[in-house]
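Residue numbers start at 1 and run along the sequence shown. Heavy-atom basis, side chains included; hydrogens, waters and symmetry copies ignored.
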Amino acid sequence: MSYEENLKALGITLPEAPKPVAAYVPGLKVGNFIYTSGQLPMVNGSLAYTGKVGREVSVKEAYEAAKICAINCLSVVRSLIGSLDNVKQVIKVVGFVSSAAGFTQQPQVVNGASELLEKVFGPAGVHARSAVGVAELPLGAPVEVE
């Protein structure tokens, strides 16, 4: 099954690539590499979740937010290369989690993005990763993934 077919089998329809919220582009193709800017959990132009993880947002909700971020990253990739079937390998994922004081489950949150990428791309979706706790994210988002 192709990567595009995997998306359909998972019931995922990629939206248009999200518009930047500041002075940057959503992604760049440099040689054979695609770099995505950090994507927020935006659905239809609005944040699906807001707040700090471990306070207003549960780990389960933040996991879902990370999935949405990854879907938005995939939209950016598709907009730059035409089809996800052209992806050879996901190399690195960086996730930022707006964390309440004492919250230490950032890896479980960013698993939302990582596990989605593995479902879509199979072995080509296995990647290196960072999951970082931060004080604040743009627009009050709980998660950002690049």
Measure the shortest side-chain to side-chain distance between [X] and [Y] over non-hydrogen atoms and say whether it is less than 4.5 angstrom.
X	Y	result
Leu10	Lys119	yes
Val145	Val94	no
Val59	Phe103	yes
Val120	Val87	no
Asn72	Leu40	no
Pro41	Pro142	yes
Met42	Pro15	no
Val90	Val126	no

Minimum heavy-atom separation for [X] to [Y], with atom names?
X	Y	result
Lys92	His127	N-CB, 4.2 Å
Val57	Ala62	CG1-N, 3.7 Å
Arg55	Ala100	CB-CB, 3.8 Å

Q: Give the intermediate values and the outcome of side-chain contact (heavy atoms from CB on, under 4.5 Å) for residues Gln106 and Val132.
A: CA-CA 6 Å; Gln106 292 84 4; Val132 181; over 6 Å; no

(Q) Evaluate Val76 against Gln39 for side-chain contact (heavy atoms from CB on, under 4.5 Å), listing each step before the verdict. (A) CA-CA 9 Å; Val76 171; Gln39 296 297 315; 3.9 Å; yes

Other residues, nucleotides, ligands: >12 heavy atoms within 6.0 Å of [X] [atom1]:
X	atom1	result
Glu16	CD	no
Tyr24	OH	yes
Lys8	NZ	no

Q. Under the side-chain contact (heavy atoms from CB on, under 4.5 Å) criterion, do Ile71 and Leu14 qualify, and how do the steps go?
A. CA-CA 7 Å; Ile71 289 167; Leu14 293 184; 3.7 Å; yes

Common cluster, [X]/[Y], ILVMFWY with side-chain heavy-atom separation under 4.5 Å:
X	Y	result
Phe33	Leu28	yes
Val109	Leu137	no
Leu116	Val93	yes

Say you draw a straight line from [atom1] of [X] to [atom2] of [Y]; how long is it, rounded to the nearest 0.5 Å?
X	Y	atom1	atom2	result
Cys73	Leu117	SG	CG	8.0 Å
Thr50	Glu61	OG1	CD	10.0 Å
Glu144	Ser98	CD	OG	10.5 Å
Leu74	Leu7	CG	CG	6.5 Å
Asn86	Ser2	CG	OG	10.5 Å

Q: With sequence neighbours excluded, give me every salt bridge (Lys or Arg N to Asp or Glu O under 4.0 Å) pair touching residues 72-83.
A: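 Passing the test, one end in residues 72-83: Glu4-Arg78.
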
**Q.** Candidates Glu118, Arg129, Gln105 - the one meeting side chain to side chain donor-acceptor pair (under 3.5 Å) with Asn111
**A.**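 Only match with Asn111 under side chain to side chain donor-acceptor pair (under 3.5 Å): Arg129.
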
Q: Could you check Tyr63 against Val110 for side-chain contact (heavy atoms from CB on, under 4.5 Å), going step by step and ending with a plain yes or no?
A: CA-CA 6 Å; Tyr63 176 98; Val110 182; over 6 Å; no

Whether [X] side chain and [Y] backbone form a donor-acceptor pair below 3.5 Å:
X	Y	answer
Ser37	Val25	yes
Ser99	Val97	yes
Glu115	Gly112	no

Q: List, by chain and then residue number, the residues other than Tyr49 in its hydrophobic cluster (Ile/Leu/Val/Met/Phe/Trp/Tyr, side-chain heavy atoms under 4.5 Å); write none if there are no others.
A: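 Taking Ile, Leu, Val, Met, Phe, Trp and Tyr as members, Tyr49 shares its hydrophobic cluster with Val43, Ile68.
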
(Q) The criterion is ring-ring contact (aromatic ring centres under 6.0 Å, His included); which residues satisfy it with Phe121, sequence neighbours excluded? (A)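 Once residues adjacent in sequence are excluded, the partners of Phe121 under the ring-ring contact (aromatic ring centres under 6.0 Å, His included) criterion are Tyr3.
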
(Q) Check this for me: does any side-chain nitrogen of one of Glu64 and Lys67 sit under 4.0 Å from a carboxylate oxygen of the other? (A)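 Yes.
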
